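Take a look at the structure below.
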Amino acid sequence: AQSVTQPDIHITVSEGASLELRCNYSYGATPYLFWYVQSPGQGLQLLLKYFSGDTLVQGIKGFEAEFKRSQSSFNLRKPSVHWSDAAEYFCAVGARGSSNTGKLIFGQGTTLQVKP
Amino acid sequence: NAGVTQTPKFRVLKTGQSMTLLCAQDMNHEYMYWYRQDPGMGLRLIHYSVGEGTTAKGEVPDGYNVSRLKKQNFLLGLESAAPSQTSVYFCASSYSTGIGYTFGSGTRLTVV
């Protein structure tokens, strides 16, 4: 069965510092991979996705993520965090294949706090 | 372009009451999903639909029913609400598989 693990429940970084949020998945083949962001009281917004090809993907708001097949990971990075990046971040995986229903499995989420 | 609209945004129910949550999308998306979000558990799939007239169970379907009579609407029903159904409910839609979802802004439901 597919599963997604975000090992860090809560992360605090200083404004201007770099950020890396971890995501590990369990799946028999290479899945579709996504990162979403949720601001307080809001819905989820798609940051970026990995479909195929280049393993380093660029997203919105200056975020990027790298797919590492050997480590079953899809970590999210940003070189310099802004106070407005404080939010909850979710990693998600989806299956491929002809019977694909588009269902996504979400991780537990990582809450990012940004210190001034 | 409204995207995905959920109504109501907030609701308080008494145990045993019933209600229907409405999700409407104006993007002509085939796929629609209902998730619930609980602290520390991420989002869990309740039910989903791969097209008009179809529905299927997700990870946590017990206590919920759904209908998709029109392509643009996906209804989630609670027949007899329980305190364990206190949660934030999100609807999402997608044009195809593998491209990610568009989410609604959520419905915060409290069952007392």
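A quick note: this is a predicted structure, and the numbers were derived from the prediction, not measured. To find a chain, count down the sequence lines: A is the first, B the second, and so on, and within it residues start at 1.
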Greatest number of heavy atom pairs closer than 4.5 Å to chain B - which of Gly43(A), Gly107(A), Ala95(A), Gly94(A): Gly43(A)
What donor-acceptor contacts under 3.5 Å connect chain A and chain B, backbone and side chains included?
unit_1, atom_1, unit_2, atom_2, d
Tyr36(A), OH, Tyr101(B), N, 2.8
Gln38(A), OE1, Gln37(B), NE2, 2.9
Gln38(A), NE2, Gln37(B), OE1, 3.1
Lys49(A), NZ, Ile99(B), O, 3.3
Asn100(A), ND2, Thr97(B), OG1, 3.4
Thr101(A), O, Tyr33(B), OH, 2.8
Gly102(A), O, Tyr33(B), OH, 3.3
Gly102(A), O, Tyr101(B), OH, 2.9
Leu104(A), N, Tyr35(B), OH, 3.3
Leu104(A), N, Tyr101(B), OH, 2.9
Leu104(A), O, Tyr35(B), OH, 2.8

Contacting moiety of Leu46(A), where chain B heavy atoms sit under 4.5 Å: side chain
Proximal to chain B - members of residues 60-68 of chain A, heavy-atom separation under 4.5 Å: none
Give the cluster check for [X] versus [Y]: same hydrophobic cluster or not, with ILVMFWY residues linked at side-chain heavy-atom distances below 4.5 Å.
X	Y	answer
Phe103(B)	Leu75(B)	no
Val66(B)	Ile46(B)	yes
Leu109(B)	Leu22(B)	no
Leu48(A)	Leu44(A)	no
Ile105(A)	Leu76(A)	yes

Minimum heavy-atom distance Ile99(B)-Phe34(A), with the two atoms named: C-CE2, 3.7 Å
Winner by heavy-atom pair count (cut-off under 4.5 Å) against chain A, out of Gly98(B), Cys91(B), Gly42(B), Gly58(B): Gly98(B)
Interface moiety of Leu45(B) toward chain A, non-hydrogen atoms closer than 4.5 Å: side chain
